[in-house]
Amino acid sequence: MKRICFVCHGNICRSPMAEFIMKKLVKDAGLEGEFYIVSRATHTDEIWNGEGSHIYPPAQAQMNKKGIPFDSEKRATLLEKSDYNKYDLFIGMDRENMRCMQKILGADKENKIKKLLDYTERGGNVSDPWYTRNFDEAYSDILCGCTALLGYLTN
Ligand code: 4NP
């Protein structure tokens, strides 16, 4: 069982899209029983008095458009230091996420902290639709990364 935690700033756009795209890829590959997949935030911007926001509506619309099933009840939750032992991989979307994951999780003794597009040949950062408003581009980056990640984990 591979336990994967996708991570972004708010856990309302990029990491939930990665979570549900990866769940779909895994299911389509017949590997549902072999993966446990979640997503978390590095910041509390979308957590109000302990209650996280739902997935951002344009991100929900993007997944609906692409036929990606998702949990419309999912709420943003914060990454915590104690998560380090609960997952095998922490996969950030950009360099800021990498810095923040290192700060929250501490010394990465087991080399679990990764950046999604580092699994692809192009590398770089997932485009951030919070600022670009381009959910097509973010979706395409994340699909590319998750496809490469699944290939890496199953080859
Ligand atoms: P996400 O998008 O990290 O992809 O969920 C963001 C959501 C909220 C904020 C930034 C990015 N924010 O600053 O509130």
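When reading the values below, keep in mind they use all heavy atoms of this one structure, side chains included, and skip hydrogens, waters and symmetry mates. Numbering starts at 1 and runs along the sequence shown. Remember, it's 1-based here, ligands and their atoms both numbered in the order they're listed.
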- Note on the structure: Across all chains, not counting sequence neighbours, the salt bridge (charged side-chain N to carboxylate O under 4.0 Å, His left out) partners of Arg95 are none

- Message: Regarding Lys74 and Ser39, do their side chains bring together a donor and an acceptor under 3.5 Å, going by distance alone?
- Response: yes

- Message: Quick check: do Gln62 and Asn64 have side-chain heavy atoms less than 4.5 Å from each other?
- Response: no

- Item | Main-chain N/O of Asn125 paired with Asp94 side-chain donor or acceptor, under 3.5 Å | no

Just list the N/O pairs, ligand 1 to protein, that are under 3.5 Å apart, with the distance for each.
| unit_1 | atom_1 | unit_2 | atom_2 | d |
| --- | --- | --- | --- | --- |
| ligand 1 | 3 (O) | His9 | N | 3.1 |
| ligand 1 | 3 (O) | Gly10 | N | 2.8 |
| ligand 1 | 3 (O) | Arg14 | NH2 | 2.9 |
| ligand 1 | 4 (O) | Arg14 | N | 2.9 |
| ligand 1 | 4 (O) | Arg14 | NE | 2.8 |
| ligand 1 | 5 (O) | Asn11 | N | 3.2 |
| ligand 1 | 5 (O) | Ile12 | N | 3.0 |
| ligand 1 | 5 (O) | Cys13 | N | 2.9 |
| ligand 1 | 13 (O) | Asp45 | OD2 | 3.3 |

- By side chain to side chain contact (heavy atoms under 4.5 Å, CB included) - contacts of Ile47 (at least two apart): Thr44, Ala76, Leu78

- Quick one: salt bridge (charged side-chain N to carboxylate O under 4.0 Å, His left out) pairs with a partner in residues 132-153, sequence neighbours left out? Lys65-Asp136, Arg122-Asp141

